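The block underneath contains the structure these notes are about, expressed in structure tokens.
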Amino acid sequence: MNQKRQTIIRVILIIGILIFLNIVGIRLFTRFDLTETQMYTLSDASKNLVKNLEDKFLVKAYFTSELPSPYNNHKRYLQDQLDDYRAYGGGNFQYEFIDPKDKEEIEKEAQAYGIPPVQVQVVKEDKMQIEKAYMGMVFLYGDKKEVMPVMQNTANIEYEISSAMKKMTATDLKKVGFLSGHDEIGMDKIGRLKQMLEKQYQVLPVSLSNGQPIASDIAVLVIAAPEKPFKSWEKYVIDQYMMKGGKVAFWLNKVKADLQSQMGQPLQLEMDEMLESYGVRINTDLVRDVRCVPVTVQQQMGFFTMQNQIPFPMIPMASEFSKNSPIVKDLGTIIFFFTSSIDTSLARSKGLQVETLVKSSEQSGRQEQFFMINPNAPMTKDLFSEKNIPLAVTLQGSFTSAFKDKQVEPDTTLIAPIDQSNKQNTSVDTKIAVIGDGDFIQDAYAGNNKDNLIFATNLIDWLADDIGLASIRSRETGAKPLDEVSEGTKSMVKYGNLLVPPILVVLIGVVRWRWRVSMRKRLESREL
Amino acid sequence: MNLTNIKYIFLKELRSYFNSAIAYIVIVGFLAILGWFFTTNLFLMNMSSLRVVFEITPFLLLFFGPLITMRLLSEEMKTGTLELLMTKPIREHEIVIGKFLSAWALFFFTLLPTISYYITVALLGRLDLGPVIGGYLGLMFVGGVFISVSMLGSSLSENQITSAIVSFIIVFGLFMLDKVLYVVPPYLATVLEYMSIDYHFSNIARGVIDTRDLIYYLSMISFSLMLGSFALQRKRW
């Protein structure tokens, strides 16, 4: 009896100690981030941002408490992240969690900030119920505010916080201009990219219609998939913008693909000569790649029309990236929609710094002259005999003007002739980014592949000398795809992993058993 | 606590696992099921991660834990070898810890051949080592909790089958805790969530070693082992 009571006392004591240890542990803890990219550790870019705060930065997180899984995990993760910021913030970074549950005033406050209630399924009194929940944040700095209405997942939370902080602390936002007037992709078709860019930049359309120079406060000019030819004076305006230090993204389609007629048509943009003077050429071809996106086609099988998924090499899934470039090194795959190859052989002699960011896979090829783009067309191995064709490049340095030994052709549609008196023949140190496809940023095409938009944003960051956030932006992309291997290798890998480990274990068992039998025999014979 | 005694029990139990067919049957079964899930999903998902391994193994552990521990204490009590052990200067907790370590080691040897999955994925693509280390470490801890809790179940009955069923019910309950959160009153939810295995495992499998998760795992293991040794003590009187 005495023993029993002692045991019970001991058990209670131990439970108490363990509960105490756990409660203390929740408050005092450290974390070790084992991931290669330090995915769950505050990046240097974020640390610098929070260290350089000059005023109070307040995060008000409206989170309904007692949310079901997985939202409760989000809260823990967010709190850890905010704690990290606070640790580096030197008192200027503060956060508070506010629970709007059953408090109408606080709910109104949240909604006034633009944080809407979301619907969450809960079970109460044996009934499934839809309940209102809040999972949003508002950032306050000086008289500015930024809102993150709903926290969807935890992967990009650092990026959300840091980009808001960056935007709010910047004295004025850099401008990114999208050129218009040549049937480029309209702003309405790149809504998602625009949304991403607007976290850090002022995004605006740029038109050359009046012949005036491009405003020097535009940090980056994006020329995305124009279809009409450029006039001589228009090229001059772009050229001189660049010579004065403007950064330009040339994302040009050289071949316009028409899926209806299943033919490609070369586009006459009149840009070749200009790009060549900058040391780069977009070839008039279409790159095909074994690593590609499947498309759904209709096939006639006797009486039936079948919907079939077949690989379409004209829509390559590029995953060969420059390992050192912060623009691409953390990305998974970029999908291009009918892209042309790029040649930078001219740049070396001009003393420019060239970096090939994206290449095609080990098995790829080019289609030249005739552009048949029928997905059903038979594919043979010799169509994919080239490897690592450059698809996206950046150039940096002092460029030579395309109008160094040339005059602008006169154009009567202009009100006043172009002023060429201040012509600059060589540029100050500047940068350009060249891709043989302009459609990869369109909402309709980039739809499911966020890496396309991250790539474009990173590239614009690099052009705008603002690469800091690029390293955290691509964190949410997670695991990379496997390398392309033959079907034979696949089955070998499959059966190898399915069979070899168990067989190995059985073999070890048999060997051990034989060994034990022989040991026993030897012992027995010795006894005799 | 006498380390020599623990070591003696540990080695004796480990040897008996590998001298009988049990270890081999359990390991081969485990590898066959896990291998099947891994290989069918590998090229389907086409991602260089071992996520499948980390998602399926806790499920398998639900059965693995009770299976390999059901014999440990039940049989001792039934056949009376326990009494034999008890007459030696060995304390109950030394027996429990030694046996726990042997079952845990068996689980380690079961996971060991899955290194081939790691090698495969690392060769076929770019694999981040962090989540792999975290995932395996997490699996070892989840295994530790399941095994120690199952041993507690094993100490409750002399019948191996009863032990296994009782253990299974307990670990299944632990495993389900955070999946039934929305049916419990809110004030309990936070506590239950903290108690659940998955909540802590998902964090460590991302590749983040958090002392809060380690404290949880170690608390669960030591608590079960202590209760187990108290249960043994009762037999002595």
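In what follows, chains carry the letters A, B, and so on, assigned in the order in which the sequence lines appear, proteins first and then strands, with residues in each chain numbered from 1. As the structure is a prediction and not an experimental result, all values here were calculated from the model.
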- [ ] Please test A/L34 against B/L129 for side chain to side chain contact (heavy atoms under 4.5 Å, CB included), starting from the C-alpha separation and ending with a verdict.
- [x] CA-CA 8 Å; A/L34 300 179; B/L129 192 57; over 6 Å; no

TODO: Under 4.5 Å heavy-atom distance to chain B, tell me which part of A/I14 shows up: side chain, backbone, both or neither.
DONE: side chain

Task: Result of checking A/L18, A/N22, A/V24 against B/I215 for side-chain contact (heavy atoms from CB on, under 4.5 Å) - done: A/N22

Open item on the list: So, taking the atom named CZ in B/F223 and the one named CD1 in A/I19, what distance separates them when rounded to the nearest 0.5 Å?
Closed with: 8.5 Å

Task: Minimum heavy-atom distance between A/P501 and B/P113, given as atom pair plus value - done: CB-CB, 3.9 Å

Task: Heavy-atom contact with chain A under 4.5 Å, split by part of B/F18 - done: both

Task: Contact origin within B/F38 toward chain A - heavy atom pairs under 4.5 Å - done: side chain

Open item on the list: Return the CD1 to CZ distance between A/I8 and B/F230, rounded to the nearest 0.5 Å.
Closed with: 10.5 Å

Open item on the list: Between A/L28 and chain B, with a heavy-atom cut-off of 4.5 Å, which part of the residue counts as in contact: side chain, backbone, both or neither?
Closed with: backbone

TODO: Go through the atoms of B/L124 and report whether side chain, backbone, both or neither lie under 4.5 Å from a heavy atom of chain A.
DONE: both

Open item on the list: Heavy-atom cut-off 4.5 Å, strictly under: side chain, backbone, both or neither for B/S222 against chain A?
Closed with: side chain

Task: Reported CD1-to-CZ distance for the pair B/I209 and A/R31, which is rounded to 0.5 angstrom - done: 12.5 Å

Open item on the list: Can you tell me how far apart OG1 (A/T489) and CG (B/L123) are? Round to the nearest 0.5 Å.
Closed with: 12.0 Å

- [ ] Measure B/L34 against the heavy atoms of chain A and call it side chain, backbone, both or neither at under 4.5 Å.
- [x] neither

Open item on the list: Just so I understand: if I count every heavy-atom pair under 4.5 Å between each of B/I133, B/L127, B/V28, B/I119 and chain A, which residue has the most?
Closed with: B/V28

Task: Under 3.5 Å donor-acceptor, B/S116 side chain and A/N497 backbone - done: no

Task: Reported CG-to-CZ distance for the pair B/D210 and A/F32, which is rounded to 0.5 angstrom - done: 9.5 Å

Open item on the list: I need the single residue from B/T39, B/T40, B/L31 that forms a side-chain contact (heavy atoms from CB on, under 4.5 Å) with A/L498. Which is it?
Closed with: B/T39

